[in-house]
Number of protein chains: 2
Amino acid sequence: MFAPRCPSREVFAELVDKWSMLILMTLSSCGPQRFSELQRAVGGVSRKMLTQSLRNLERSGLVRRTVFPETPPRVVYDLLPLGRELAELVEPLGRWTERRAEQMMAAREEFDAAHAEG
Amino acid sequence: MFAPRCPSREVFAELVDKWSMLILMTLSSCGPQRFSELQRAVGGVSRKMLTQSLRNLERSGLVRRTVFPETPPRVVYDLLPLGRELAELVEPLGRWTERRAEQMMAAREEFDAAHAEG
DNA sequence: AGACTTGGTCTATATTGGAGACCGCCAGAC
DNA sequence: GTCTGGCGGTCTCCAATATAGACCAAGTCT
């Protein structure tokens with residue numbers, strides 16, 4: 001994974017992504033979701049990036065996309081076993097970030113203050 | 001973390017990054033490293049991105065930067081407790097990716113083949 | 001008829017990433 | 001004395017990527 005052109009690096013680089021991780025966490029904690037539900041849940045994601053990230057996750061076998069041919073169209077996304085595995089590793093990361101966010105923000109302010117005198 | 005302008009989202013978006021994660025994993029498994037060692041270890045990283053990622057990690061209190069005023073200069077980076085915590089969550093992710101990389105590559109080929117007829 | 005909904009795609013612009021040149025500093029070679 | 005080289009960056013330029021926002025088809029409701 002530390003080699004630039006290795007498959008695992010390639011896969012890693014695409015999974016380690018803000019939107020993909022938030023999508024995985026949402027699907028994991030809220031169950032199957034349709035496109036617009038995901039867009040609401042993952043605040044700030046554009047339709048383009050949501051589509052792109054979901055396609056990636058689908059392509060790599062982490063997520064399943066199911067289309068119900070109704071009008072208006074209904075498309076539901078849910079986790080496949082592989083995606084559930086990954087989600088279980090990503091969730092602790094999310095919880096840790098929320099737990100430590102304030103501490104890190106404080107560290108930043110301190111750092112910025114110390115480097116402002118320049 | 002699911003809200004766009006929340007501190008935890010901001011922090012999350014910066015930590016969830018290819019280079020930062022590879023740096024954390026390297027420092028965790030290889031111990032303190034100097035700049036050029038890190039650049040060799042993290043294959044494909046440019047000096048610019050390495051500097052930028054390290055600054056970010058330093059600013060948020062995950063990594064410590066120590067300068068030895070010699071010539072040629074020597075700068076050593078190592079994990080602070082906060083960084084060690086995060087590294088312990090990131091490592092399983094890395095191991096999982098390596099374990100599942102082939103499976104995901106196979107899924108991709110299948111997906112691409114299925115969608116080529118269009 | 002006209003407005004509204006869903007799950008996208010397309011386009012234009014802003015942001016970001018990577019490649020490679022440049023820098024100061026000193027040691028050792030010539 | 002000058003020339004070269006290593007270290008740890010920074011700077012500049014160009015390509016790739018992200019975001020914002022318009023547009024779309026098809027059917028439903030008013």
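Note: hydrogens, waters and symmetry copies are ignored here, and every other heavy atom, side chains too, is used. First the proteins, then the strands, lettered A, B, ... as listed; each starts at 1.
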Euclidean distance, A:Leu57 CG relative to A:Ser20 OG, rounded to 0.5 Å: 4.5 Å
Leading and trailing nucleotides of DNA chain D with any atom under 4.0 Å from heavy atoms of chain B: D:dG6 to D:dT10
Residues from residues 17-41 of chain B lying under 4.0 Å of DNA chain D - heavy atoms: B:Arg34, B:Phe35, B:Ser36
Contact boundaries on DNA chain C for chain A, cut-off under 4.0 Å to non-hydrogen atoms: C:dT5 to C:dT9
Nearest heavy-atom neighbours spanning B:Ser53 and B:Asp17: OG-OD2, 4.1 Å
Fellow cluster residues of B:Phe68, listed by chain then number, with links counted only when side-chain atoms sit under 4.5 Å apart: B:Val76
Do any side-chain atoms of residues 85-96 of chain B form donor-acceptor pairs under 3.5 angstrom with protein atoms, and if so which ones, sequence neighbours left out?
from, atom 1, to, atom 2, distance (Å)
B:Glu85, OE1, A:Trp96, NE1, 2.6
B:Glu85, OE1, A:Arg100, NE, 3.0
B:Glu85, OE1, A:Arg100, NH2, 3.2
B:Glu85, OE2, A:Arg100, NH2, 2.6
B:Glu91, OE2, B:Ser28, OG, 2.9
B:Trp96, NE1, A:Glu85, OE1, 2.6

Shortest non-hydrogen separation from A:Glu14 to A:Asn56 and the atoms involved: OE1-OD1, 2.8 Å
Within residues 49-80 of chain B: residues closer than 4.0 Å to DNA chain D (heavy atoms): B:Thr51, B:Arg55, B:Arg65, B:Pro72, B:Pro73, B:Arg74, B:Val75, B:Tyr77
Salt bridge (charged side-chain N to carboxylate O under 4.0 Å, His left out) partners of B:Arg9, counting only residues at least two apart: none
Result block: side-chain N/O donor-acceptor pairs under 3.5 angstrom for residues 35-46 of chain A, not counting sequence neighbours:
from, atom 1, to, atom 2, distance (Å)
A:Glu37, OE1, A:Arg34, N, 2.8
A:Gln39, NE2, A:Val45, O, 3.4
A:Ser46, OG, A:Met49, N, 3.2

Sequence neighbours excluded - side-chain hydrogen bond (donor to acceptor under 3.5 Å, both in side chains) pairs with any residue from residues 60-69 of chain B: A:Arg108-B:Ser60, B:Arg64-B:Asp78, B:Arg65-B:Tyr77
Where B:Met105 and A:Val11 come nearest, the two heavy atoms and their spacing: SD-CG2, 3.7 Å
Separation of B:Leu50 CG from B:Leu22 CG (nearest 0.5 Å): 11.0 Å
A:Leu62 CG to A:Ile23 CD1 distance, which is reported to the nearest 0.5 Å: 11.0 Å
Linked hydrophobic residues, A:Leu80 as query - side chain contacts closer than 4.5 Å: none
Net bend of the helix from C:dA1-D:dT30 to C:dC30-D:dG1, end axes of five pairs each, nearest 10 degrees: 20°
Pairing residues for B:Glu58 by the salt bridge (charged side-chain N to carboxylate O under 4.0 Å, His left out) criterion, not counting sequence neighbours: none
Any donor-acceptor N/O pair, A:Glu98 side chain to B:Met1 backbone, under 3.5 Å: yes
Exam field: side chain B:Glu102 to backbone B:Arg99, donor-acceptor pair closer than 3.5 Å: no
